[in-house]
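Just so we're clear, the structure is a prediction, and the values are computed from it rather than from any experiment. Each chain gets a letter, A, B and so on, in the order its sequence line appears, and its residues count up from 1.
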Number of protein chains: 2
Amino acid sequence: MARNCRFAVAVHVCAVLTLRRDDPPATSDWIAKSVNTNPVVVRRLLSALGKAGLVKSQRGTSGGSALAKEAAAITLLDISRAVDEDEGPPLPQQEPNPACPVGANIRPILTDILDRAEAARDRELQRTTLADIAASIRARLAP
Amino acid sequence: MARNCRFAVAVHVCAVLTLRRDDPPATSDWIAKSVNTNPVVVRRLLSALGKAGLVKSQRGTSGGSALAKEAAAITLLDISRAVDEDEGPPLPQQEPNPACPVGANIRPILTDILDRAEAARDRELQRTTLADIAASIRARLAP
DNA sequence: CAGCAATGTAATCATAGTGGTTACATATAC
DNA sequence: GTATATGTAACCACTATGATTACATTGCTG
C-alpha cells in the first residue's frame with residue numbers, strides 16, 4: 001500500500017460529497033475544514049478525482065464540487081487509482097547480479113508476487129462503494 | 001504496501017540462503033554482490049530477519065548466515081513482517097474536524113478498510129514460502 | 001459590466017524516509 | 001593473536017510528502 005495519506009483524505013473528501021448530495025456543491029474551503037488541512041491539498045485531490053471522472057467541479061461564485069456518478073457506482077478502488085498514480089512494484093532500481101542464479105531470476109518472480117499482493121488489496125477495495133461509506137457514517141450518527 | 005524495497009531485497013537475500021542450503025553459510029559480502037548493493041544494507045536486513053527467528057548468523061572467520069528453519073516453513077508474510085516494521089494504516093496525523101459528521105466518524109471506518117486491505121495482501125503473501133521461491137528459481141535454471 | 005468568489009496550478013518549503021557509505025566495536029575460527 | 005566476519009551507529013544525498021503562498025482563470029450575480 002502507498003505510504004501516503006492521499007487515499008484516506010480522498011475518501012474523506014468523497015464522503016463529504018456523498019453526504020451533501022442535493023445540497024449546493026461543496027467548496028474546497030469547506031471540505032478542507034472537515035479534513036483539517038489546507039484547501040489546496042483538497043483541490044489537488046479533487047482535480048485528480050475529476051480527471052478520473054468521479055467528481056465534477058464548477059468554478060466561480062457558488063461553485064464547488066459534487067460527485068459525477070451515483071455513490072453506489074464509485075468504489076474505493078476507483079478512488080485509490082485516481083489519487084495514487086501507478087508506481088510499479090517496489091523493487092530496487094539497482095538490478096541484481098545476473099551472474100548469480102538468484103540475481104538472474106528473482107526479478108520476475110518478485111514482480112509476480114508483488115503484483116498478486118496488490119491485486120488482492122485491490123479486490124478488497126473494490127468491494128466497498130461510497131454508498132457503503134455513507135451508510136456507515138449515517139449508522140454512527142443515529143444509533 | 002510499503003513503498004520501500006526492503007521486502008523485495010529481503011526475499012532475494014532469503015532466496016540466496018535457501019539455494020545455499022548445505023553449503024557454508026553465506027557472508028553479507030557475498031549476498032550483497034548478488035543483490036548488487038552494500039553489505040551493510042544486507043546485514044541490516046539479516047539482523048531484522050534474525051530477530052524474527054527466520055535466520056541465524058554467525059560472527060567471525062567462516063561465519064555468515066543461514067536459514068533458521070525449513071524453507072517450507074517460512075512464508076513471504078513472515079519476511080514482510082520481519083523487515084517492514086508495523087506502521088499503522090496511512091492516515092493523516094492531523095485529526096479531522098469532530099464538528100463535521102464526516103470528520104467525526106470517518107476515522108474508524110477508514111482504519112477498518114485499510115486494515116482489511118492489508119489483511120488481503122497479507123493472506124496473499126502467506127500463500128508463498130521460500131521453498132516455492134526456490135522451486136521457481138530452479139525451474140528457470142533448468143528448463 | 002464590475003467585482004467577488006471559486007477553482008486550477010505552479011512554486012516553494014520543512015520534514016521525514018530511504019538506501020548507500022564509512023567507521024568501528026565485537027565475536028570467532030584457525 | 002590475527003584475520004575475518006557480524007552488529008550498529010553515524011552521516012549523507014536523494015526523494016516524497018503535505019502545507020503554504022501566490023496568482024491566473026473562470027463564472028455568477030448584483
Side-chain angles (χ1 to χ4, degrees), chain A residues 1-10 12-13 17 20 23-33 35-52 55-66 68 83-96, chain B residues 1-10 12-13 17 20 23-33 35-52 55-66 68 82-88 90-96:
Chain A
M1 181 107 54
R3 265 333 284 177
N4 59 43
C5 307
R6 283 201 277 269
F7 172 71
V9 177
H12 183 151
V13 169
L17 299 185
R20 281 182 62 103
D23 288 324
T27 69
S28 63
D29 236 344
W30 200 92
I31 302 174
K33 289 210 175 69
V35 175
N36 200 7
T37 184
N38 193 288
V40 175
V41 173
V42 173
R43 272 181 251 155
R44 278 202 278 248
L45 291 173
L46 284 170
S47 173
L49 292 165
K51 276 163 189 160
V55 150
K56 54 184 175 2
S57 298
Q58 188 79 24
R59 293 186 174 187
T61 306
S62 81
S65 301
V83 301
D84 272 320
E85 77 248 39
D86 188 24
E87 330 155 71
L91 297 172
Q93 70 266 56
Q94 201 71 10
E95 298 250 332
Chain B
M1 181 106 54
R3 265 334 282 179
N4 58 43
C5 307
R6 284 201 276 267
F7 172 71
V9 176
H12 184 152
V13 169
L17 298 186
R20 281 182 62 104
D23 287 325
T27 69
S28 63
D29 237 344
W30 199 93
I31 302 173
K33 289 211 175 66
V35 175
N36 200 7
T37 185
N38 192 288
V40 175
V41 173
V42 173
R43 271 182 252 155
R44 278 202 278 246
L45 292 173
L46 284 170
S47 172
L49 293 166
K51 278 164 188 160
V55 151
K56 54 185 176 2
S57 298
Q58 189 80 23
R59 293 186 175 188
T61 305
S62 83
S65 301
V83 301
D84 272 320
E85 77 248 39
D86 187 25
E87 329 155 71
L91 298 171
Q93 70 267 49
Q94 201 72 11
E95 298 249 332

Pairwise distance [atom1]([X]) to [atom2]([Y]) - rounded to 0.5 angstrom:
X: H12(B); Y: L91(A); atom1: NE2; atom2: CG; value: 11.5 Å
X: L17(B); Y: L46(B); atom1: CG; atom2: CG; value: 6.5 Å
X: R6(B); Y: L45(B); atom1: CZ; atom2: CG; value: 7.5 Å
X: K33(B); Y: T27(B); atom1: NZ; atom2: OG1; value: 7.0 Å
X: L49(A); Y: S65(A); atom1: CG; atom2: OG; value: 9.0 Å

Tell me, please, which residues at least two apart from D29(A) pass salt bridge (charged side-chain N to carboxylate O under 4.0 Å, His left out). none
Could you tell me which residues satisfy salt bridge (charged side-chain N to carboxylate O under 4.0 Å, His left out) with R59(A), sequence neighbours excluded, listed by chain and number?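 None.
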Distances for protein N or O near nucleotides 27-30 of chain D N or O, under 3.5 Å:
from	atom 1	to	atom 2	distance (Å)
dG27(D)	N2	T61(A)	OG1	2.6

Interatomic distance where CZ belongs to R43(A) and C1' belongs to dT20(D) [whole Å]: 11 Å
Round to a whole Å and report the spacing from CG of L46(B) to P of dG7(D). 7 Å
Is there a side-chain contact between V35(A) and V41(A) in this structure, where contact means two heavy atoms from C-beta onward sitting under 4.5 Å apart? no
Of all the heavy-atom pairs spanning D84(B) and F7(B), show the shortest one and how long it is. OD2-CB, 3.9 Å
Under the side-chain contact (heavy atoms from CB on, under 4.5 Å) rule, collect the residues that match up with P24(A), sequence neighbours excluded. R20(A)
Tabulate atom names and distances for all N/O pairs under 3.5 angstrom spanning the protein and nucleotides 17-19 of chain D.
from	atom 1	to	atom 2	distance (Å)
dT17(D)	OP1	N4(A)	ND2	3.1
dT17(D)	OP2	R6(A)	NH2	3.4
dG18(D)	OP1	C5(A)	N	2.5
dG18(D)	OP2	R6(A)	NH1	3.3
dA19(D)	OP1	T37(A)	OG1	3.0
dA19(D)	OP2	T37(A)	OG1	2.8
dA19(D)	N7	R44(A)	NH2	2.9

Where does the chain B footprint on DNA chain C start and end, counting 5' to 3' with a 4.0 Å heavy-atom cut-off? dT18(C) to dA29(C)
